[in-house]
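Here the structure comes first, spelled out in structure tokens, and everything after it is commentary.
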Protein chains: 2
Amino acid sequence: MDFFEQLGPAALGSRLRRLSEQMTAQAAEVYSLYHVPVEPRWFPVFYVVATEPERPVGEIAEAIGQTHAAVSQVVKELVKQDLVRVQRGEADLRRSVVSLTEKGQAAWPSLQQQTADVRQATEALLTETRHNLWLALGEMEYALSRQSLASRVKAIRDQRAAGEVHIIDYAPQYQPDFKRLNAEWIERYFRLEAADLKALDHPDEYIIQRGGHILLASYQGQMVGTCALIPMVDATYELAKMAVSPAAQGLGIGWRLGEAAIAKARSLGAQRLYLESNTKLAPALSLYHKLGFRKTVSGPPSPYERCNIQMELLLGS
Amino acid sequence: MDFFEQLGPAALGSRLRRLSEQMTAQAAEVYSLYHVPVEPRWFPVFYVVATEPERPVGEIAEAIGQTHAAVSQVVKELVKQDLVRVQRGEADLRRSVVSLTEKGQAAWPSLQQQTADVRQATEALLTETRHNLWLALGEMEYALSRQSLASRVKAIRDQRAAGEVHIIDYAPQYQPDFKRLNAEWIERYFRLEAADLKALDHPDEYIIQRGGHILLASYQGQMVGTCALIPMVDATYELAKMAVSPAAQGLGIGWRLGEAAIAKARSLGAQRLYLESNTKLAPALSLYHKLGFRKTVSGPPSPYERCNIQMELLLGS
DNA sequence: TACATTTACGTAAGTACTTACAAATATACG
DNA sequence: CGTATATTTGTAAGTACTTACGTAAATGTA
């Protein structure tokens with residue numbers, strides 16, 4: 001059972017489940033000790049109905065933090081046991097208003113007694129420990145309500161990943177990566193056009209030798225992103241061939257590439273960046289917008305079929 | 001959601017489950033963040049197989065605190081995903097030895113990375129709170145391993161019940177209770193005999209007026225137990241008509257009645273108590289033994305068919 | 001060496017919830 | 001006032017485990 005020790009808090013979820021299952025099993029024993037005709041899993045619903053009568057299913061569900069479906073099923077059982085009765089709501093016929101039957105009323109005092117005993121036992125248990133589980137649970141729920149575990153983990157991963165992402169300049173040996181990364185997404189959404197193949201197969205000839213630049217992003221020893229700057233007229237560069245591998249998306253690599261490309265453009269004396277894209281590519285457009293690009297209509301006609309939106313970023317001086 | 005506040009620690013189990021479900025849901029999100037072809041519920045098994053290769057199913061189950069059936073099912077899934085491979089044990093053909101495939105090996109580093117990130121996030125989360133959940137869980141598991149919740153609750157209930165159990169002397173208005181309590185168990189195990197009916201219907205005539213005594217136990221306003229002392233020859237009294245209502249069993253009422261009867265017999269100058277019972281009634285025999293009764297063969301023939309064992313308790317002087 | 005018992009495992013079914021979907025009723029909107 | 005949308009509930013199916021049970025292999029016993 002050293003699994004939990006080895007893993008430590010990374011197994012917090014599993015450990016919580018294990019203890020909760022243990023408590024559930026214990027609860028079953030406690031119930032058999034008292035002679036109450038109520039099963040442990042019915043308790044929350046029964047408790048709410050007993051303390052606040054005439055509640056509809058939905059409200060009970062909200063009170064105990066379960067779904068209406070679960071409550072509906074438990075109520076069905078309780079009706080079968082003749083512990084509660086269900087009536088249509090008076091004002092709203094959709095509602096199922098639940099209240100105790102005579103048998104339910106009769107069972108309530110014993111159940112209250114049992115609950116009081118369990119509470120006393122648990123409270124004693126909690127004072128036996130140095131770290132109070134009840135308070136810890138409350139604090140943990142509060143902390144998670146402020147920021148979920150998933151987003152906390154993501155923040156840590158992103159921070160770690162940032163240190164492992166490197167933006168490097170093109171070199172001929174990267175041509176296969178450059179082609180693969182671009183072909184991957186183009187073929188997913190559109191189809192490769194002749195203009196694509198020329199640039200992807202011969203980036204040296206069609207981009208570098210014409211005064212352009214290509215940047216690549218590496219992560220954990222693999223090439224996971226690219227983008228290119230291609231000179232146009234009037235101190236304008238086109239930002240093109242922006243691609244990030246699906247396996248590396250969500251790491252902010254597009255942003256890093258974009259920023260690096262803008263910095264490179266500035267250092268080349270560019271006054272303006274221009275790009276073409278497609279409105280189907282929502283995440284890409286949102287990235288461009290965050291980088292400062294805005295929609296324009298002044299661009300030249302595109303050689304690519306798939307382009308239906310043009311954007312620009314004025315760099316000032 | 002004031003259900004948990006109202007109930008307090010009595011709802012500890014439910015609250016644990018709720019948080020564990022929340023964590024499970026968060027885990028699913030975390031997994032989708034990393035591009036690992038492993039589902040959250042596979043993790044424990046995968047982890048053990050990755051860190052300690054060539055483990056049979058049973059050992060994996062023990063390490064992660066689940067049943068072998070659960071592990072068997074997860075392994076089946078993992079085999080379908082080509083993440084692990086199963087071989088027959090070399091020395092023991094019953095064993096299913098599990099090890100990682102190449103694909104599993106390939107997924108392992110990412111999973112390790114993810115685990116490290118989750119651990120870091122959770123550790124940060126734990127230091128954010130005043131009461132450390134991880135330590136509290138450990139302490140709670142330890143406390144429960146020393147004494148289960150059920151037995152703690154039972155101790156509290158018994159203590160409370162002891163104050164509510166009263167042993168009182170017979171009065172004519174208790175005749176229906178006296179009859180009901182005895183008839184209840186006799187009819188459950190045997191059948192009512194003529195000798196029973198005489199004593200149960202007319203205790204005044206057949207017991208009290210012959211110098212005998214009847215004790216009753218009341219609990220929460222109800223009569224839940226009886227026993228009788230019937231004079232025999234030679235300063236011997238028969239302990240008879242011992243009965244405790246099934247709904248009140250486990251509260252030590254039999255013990256209280258027995259002790260009261262022994263005290264009463266002493267005060268009457270009895271030198272010996274005698275009783276007849278049946279070997280089918282194991283709990284009753286164990287109670288008599290605890291009260292000091294021992295098996296004997298010296299008794300007179302019983303007027304009751306159901307009796308096949310005789311016991312006595314010498315009171316000394 | 002034969003036979004009963006124990007051990008290891010897989011499969012089926014149960015459990016206590018969930019999500020997904022469907023039906024009935026209530027409300028909003030032109 | 002009719003129709004679209006929202007709300008409330010019940011039912012079915014899924015989930016991630018469990019318990020129960022059956023089979024095969026190993027072990028103990030006479």
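Proteins come first, then strands; the chains are lettered A, B, ... in the order of their sequence lines, and each starts at number 1. Not measured: the values here are computed from a predicted model.
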Using the test side chain to side chain contact (heavy atoms under 4.5 Å, CB included), find all partners of [X] that sit at least two apart in sequence or belong to another chain.
X        : value
A:Gln66  : A:Ile64, A:Ala70
B:Lys295 : B:Ile309
A:Glu29  : A:Gln26, B:Ala150

Of all pairs that satisfy salt bridge (charged side-chain N to carboxylate O under 4.0 Å, His left out), the ones with a partner from [range], not counting sequence neighbours:
range                       : value
residues 117-129 of chain A : A:Asp117-B:Arg160, A:Arg119-A:Glu123, A:Glu128-B:Arg152
residues 64-73 of chain A   : none
residues 100-109 of chain A : A:Arg85-A:Glu102
residues 71-82 of chain A   : A:Arg41-A:Glu77

Discussion item. Rounded to whole Å, how long is the line connecting atom CZ of A:Arg55 with atom C1' of D:dT9?
Written reply: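 So the CZ-C1' distance, A:Arg55 to D:dT9, works out to 16 Å.
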Residues 138-146 of chain B side chain polar contacts: donor-acceptor under 3.5 Å, at least two apart:
from: B:Glu139; atom 1: OE1; to: A:Arg130; atom 2: N; distance (Å): 2.8
from: B:Glu139; atom 1: OE1; to: A:His131; atom 2: N; distance (Å): 2.9
from: B:Glu139; atom 1: OE2; to: A:His131; atom 2: ND1; distance (Å): 3.1
from: B:Glu141; atom 1: OE1; to: A:Arg15; atom 2: NH2; distance (Å): 3.4
from: B:Glu141; atom 1: OE1; to: A:Arg18; atom 2: NH2; distance (Å): 2.9
from: B:Glu141; atom 1: OE2; to: A:Arg18; atom 2: NH2; distance (Å): 3.2
from: B:Ser145; atom 1: OG; to: B:Tyr142; atom 2: O; distance (Å): 2.7

Worksheet entry | pi-stack flag for A:His68 and D:dT8, centroid dist under 5.5 Å, interplanar under 30° |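 Here the ring of A:His68 and the base of D:dT8 are not stacked, as the 5.5 Å and 30° limits are not both satisfied.
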Restricting to nitrogen or oxygen on both sides, can you table the protein-nucleotides 12-17 of chain C pairs closer than 3.5 Å?
from: C:dA16; atom 1: OP2; to: A:Arg41; atom 2: NE; distance (Å): 3.0
from: C:dC17; atom 1: OP1; to: B:Arg17; atom 2: NH2; distance (Å): 3.2

Worksheet entry | Of residues 27-34 of chain B, the positions that come close to DNA chain C - non-hydrogen atoms, cut-off under 4.0 Å |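 Heavy-atom contacts with DNA chain C come from no residue of residues 27-34 of chain B; none.
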Do any side-chain atoms of residues 44-52 of chain B form donor-acceptor pairs under 3.5 angstrom with protein atoms, and if so which ones, sequence neighbours left out?
from: B:Tyr47; atom 1: OH; to: A:Gln6; atom 2: OE1; distance (Å): 3.0
from: B:Thr51; atom 1: OG1; to: B:Tyr47; atom 2: O; distance (Å): 2.8
from: B:Thr51; atom 1: OG1; to: B:Val48; atom 2: O; distance (Å): 3.3
from: B:Glu52; atom 1: OE1; to: B:Arg55; atom 2: NH1; distance (Å): 2.2

Worksheet item: For B:Gln222, does the CD atom have more than 12 heavy-atom neighbours from other residues, nucleotides or ligands under 6.0 Å away?
Response: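 Count not over threshold, so no.
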Worksheet item: Residues from residues 89-98 of chain A sitting under 4.0 Å of DNA chain D, heavy atoms only?
Response: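 Those residues are A:Arg94, A:Arg95, A:Ser96.
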